[in-house]
Amino acid sequence: MKGYAMLSLGKTGWIEKEKPACGPLDAIVRPIAIAPCTSDIHTVWSGALGERKDMILGHESIGIVDEVGSLVRDFSPGDKVIVPAITPDWNSVEAQSGYSMHSGGMLAGWKFSNFKDGVFAEFYHVNDADGNLALLPEGMELRAACMLCDMIPTGFHGAELADIQYGDEVAVIGIGPVGLMSVAASVLKGASRVFAVGTRPNCVALAKEFGATDIISYREGAIDEQILEKTSKKGVDKVIIAGGDNDTFAEAVRMLKPGGKIGNVNYLGEGESISIPRVDWGVGMGHKSINGGLMPGGRLRMEKLAKLISTGRIHPEKMVTHEFRGFDGIEQALMLMKDKPKDLIKPIVIIED
Ligand code: NDP
Ligand code: ZN
């Protein structure tokens, strides 16, 4: 089969590989829609995972089940399915302790284009099919559905990690597709004021549409100072980090009230450490907590989040700014993601409708 791969650090291209084998609990899936992710770019061009040779990229896909293992109960060939980017082993002790995303080791629930070939292939392997696949609801359009694989659950996990409560004032740092979903999630969880940090005009427009009350540009001065200024120097109750760099933590801590919480879903691809400002962190006693997490993945989450689309509570399809047709469009879509033109929020490739 054909796949689009990371050949080595900084290098990508088409390769031929054997079709993956299906274990008793697994499924083999054929993609009908895929989307590249900022994480694919970090993987290839920032070396965030280290060297990988001839590894097929991609972890966001809607597909059709081609084959299932002998022990799979709920899925059959021909089913259209949502495949989460994170596919834990649900019988692991880590999953039993509530941290499915770390099943088998830290971050090891992230298998596609990390520990095994990803979804930019004619066929891909899904472990624990009953635990990880979800049926694509009848009539759901692929542009919206494809955002369920990663953008929605990751953005929403940011709101979970930050523990948004009714009436909270929230800052969402970064309003690419992940942060935009964090804005939507914060509003659904009852935030009152939502400060959205970003500059791209169509991201800013969508952030407002999804419920942001204030827009902050990191190009117009320190964002913590801007937010403190707008909150009578008190700061916000919660911060979600979905963009920025290692220094963003210092800004987040500074803009947070004592007792506040930071939820980070940003992928830190560079450097040895992050720094936390000592005095602003209450010299270690400010009750300002920092939670960083990979989204949990799994079937139940896909099914529940899909209902938010079906009932019209969220409109993730509005984030899809570029659409390519046909399997070969994967390469162009990935390169577009790498180049990040100003009008790009999220590209998608529709392989078959
Ligand atoms: P984008 O690159 O599309 O968006 C990044 C956002 O951050 C933009 O709004 C950008 O602003 C803003 N930004 C850039 N620099 C700064 C800065 N110095 N201070 C504040 N804001 C800044 O990324 P995505 O939305 O696709 O992804 C966001 C992050 O989430 C990535 O790191 C990605 O790898 C990670 N991720 C994590 C996952 C998880 O499971 N935890 C899963 C998927 C993704 P501007 O408008 O100017 O461009
Ligand atoms: Zn992704």
Side-chain angles (χ1 to χ4, degrees), residues 34-46 48-49 57-61 83-88 100-102 107 109-110 112-114 118-120 146-158 160-161 171-183 195-207 212 215-224 226-227 239-252 255 263-270 291-297 301 316 319 321 334 336-348:
I34 64 98
C37 178
T38 304
S39 303
D40 292 308
I41 307 306
H42 288 310
T43 299
V44 181
W45 286 282
S46 314
L49 303 176
L57 289 164
H59 53 262
E60 302 183 15
S61 167
V83 184
I86 307 302
T87 52
S100 55
M101 64 297 264
H102 303 300
L107 307 180
W110 174 18
F112 291 126
S113 64
N114 185 8
V119 303
F120 295 173
C146 215
M147 299 302 109
L148 282 164
C149 309
D150 196 1
M151 298 299 95
I152 301 171
T154 297
F156 275 57
H157 194 47
E160 289 171 330
L161 291 169
V172 178
I173 304 179
I175 46 170
V178 172
L180 284 169
M181 287 295 99
S182 296
V183 170
F195 296 89
V197 181
T199 67
R200 280 177 276 159
N202 53 5
C203 292
V204 166
L206 258 194
I215 303 294
I216 305 289
S217 165
Y218 58 89
R219 298 219 171 99
E220 287 169 18
I223 57 177
D224 50 299
Q226 295 185 60
I227 287 174
V239 180
I240 301 173
I241 306 180
D245 53 24
N246 294 6
D247 297 334
T248 306
F249 285 90
E251 297 171 311
M255 69 176 75
N264 178 78
V265 288
N266 197 29
Y267 184 170
L268 298 171
E270 283 161 24
N291 291 309
L294 181 69
M295 69 97 156
R301 186 158 286 247
M319 303 193 298
T321 48
L334 186 74
L336 190 75
M337 200 68 181
K338 176 173 181 261
D339 297 341
K340 287 242 162 107
K342 273 248 168 288
D343 62 341
L344 176 81
I345 302 182
K346 188 81 179 172
I348 187 177

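Worth knowing before you read on, the calculation uses all heavy atoms, side chains too, and leaves out hydrogens, waters and symmetry mates. Order of appearance sets the numbers: ligands from 1, and atoms from 1 within every ligand.
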With a 4.0 Å cut-off on heavy atoms, is [X] touching ligand 1?
X    : answer
P177 : yes
K340 : yes
L294 : yes

Has ligand 1 got any nitrogen or oxygen that is less than 3.5 angstrom from a nitrogen or oxygen of [X]?
X    : result
T38  : yes
T248 : no
I175 : yes

**Request:** Quick one: look at H157 and ligand 1, take heavy-atom pairs under 4.0 Å, and tell me if it's side chain, backbone, both or neither.
**Result:**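 The answer is neither; H157 stays 4.0 Å or more away.
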**Asked** Side chain, backbone, both or neither: which part of D150 comes within less than 4.0 Å of ligand 1 when only heavy atoms are counted?
**Response**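 Side chain only; the backbone of D150 stays clear of ligand 1.
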Which residue and heavy atom of the protein sit nearest [atom], plus the separation:
atom                    : answer
atom 41 (N) of ligand 1 : V265 O, 3.1 Å
atom 27 (O) of ligand 1 : V178 CG2, 3.5 Å
atom 28 (C) of ligand 1 : A242 O, 3.2 Å
atom 6 (C) of ligand 1  : G174 CA, 3.5 Å
atom 3 (O) of ligand 1  : R200 NH2, 3.0 Å
atom 21 (N) of ligand 1 : Y218 CD2, 3.5 Å
atom 16 (C) of ligand 1 : G244 CA, 3.6 Å
atom 31 (C) of ligand 1 : N266 OD1, 3.5 Å

Any atoms of ligand 1 less than 4.0 Å from a non-hydrogen atom of [X]? List them with their elements.
X    : answer
Y267 : 32 (O), 33 (C), 34 (O), 35 (C)
G293 : 41 (N)
I173 : 20 (C), 21 (N)
S39  : 33 (C), 34 (O), 36 (N), 43 (C), 44 (C)
H42  : 32 (O), 34 (O)
G198 : 11 (O), 46 (O)

**Prompt:** Taking both backbone and side chain into account, is any N, O or S atom of C149 nearer than 2.8 Å to the Zn ion (ligand 2)?
**Reply:**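 So C149 does not count as coordinating the Zn ion (ligand 2).
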**Heavy-atom nearest neighbour of atom 38 (C) of ligand 1 within options V204, I41, T154** =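 Checking each option, the heavy atom nearest atom 38 (C) of ligand 1 is found in T154.
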**Message:** Counting C-beta onward and ignoring hydrogens, is there a side-chain heavy-atom pair between L336 and P341 closer than 4.5 Å?
**Reply:**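 Counting from C-beta outward, L336 and P341 do come under 4.5 Å.
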**N/O/S atom name from E60 that is nearest to the position of the Zn ion (ligand 2)** =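 In E60, the N, O or S atom with the shortest distance to the Zn ion (ligand 2) is OE2.
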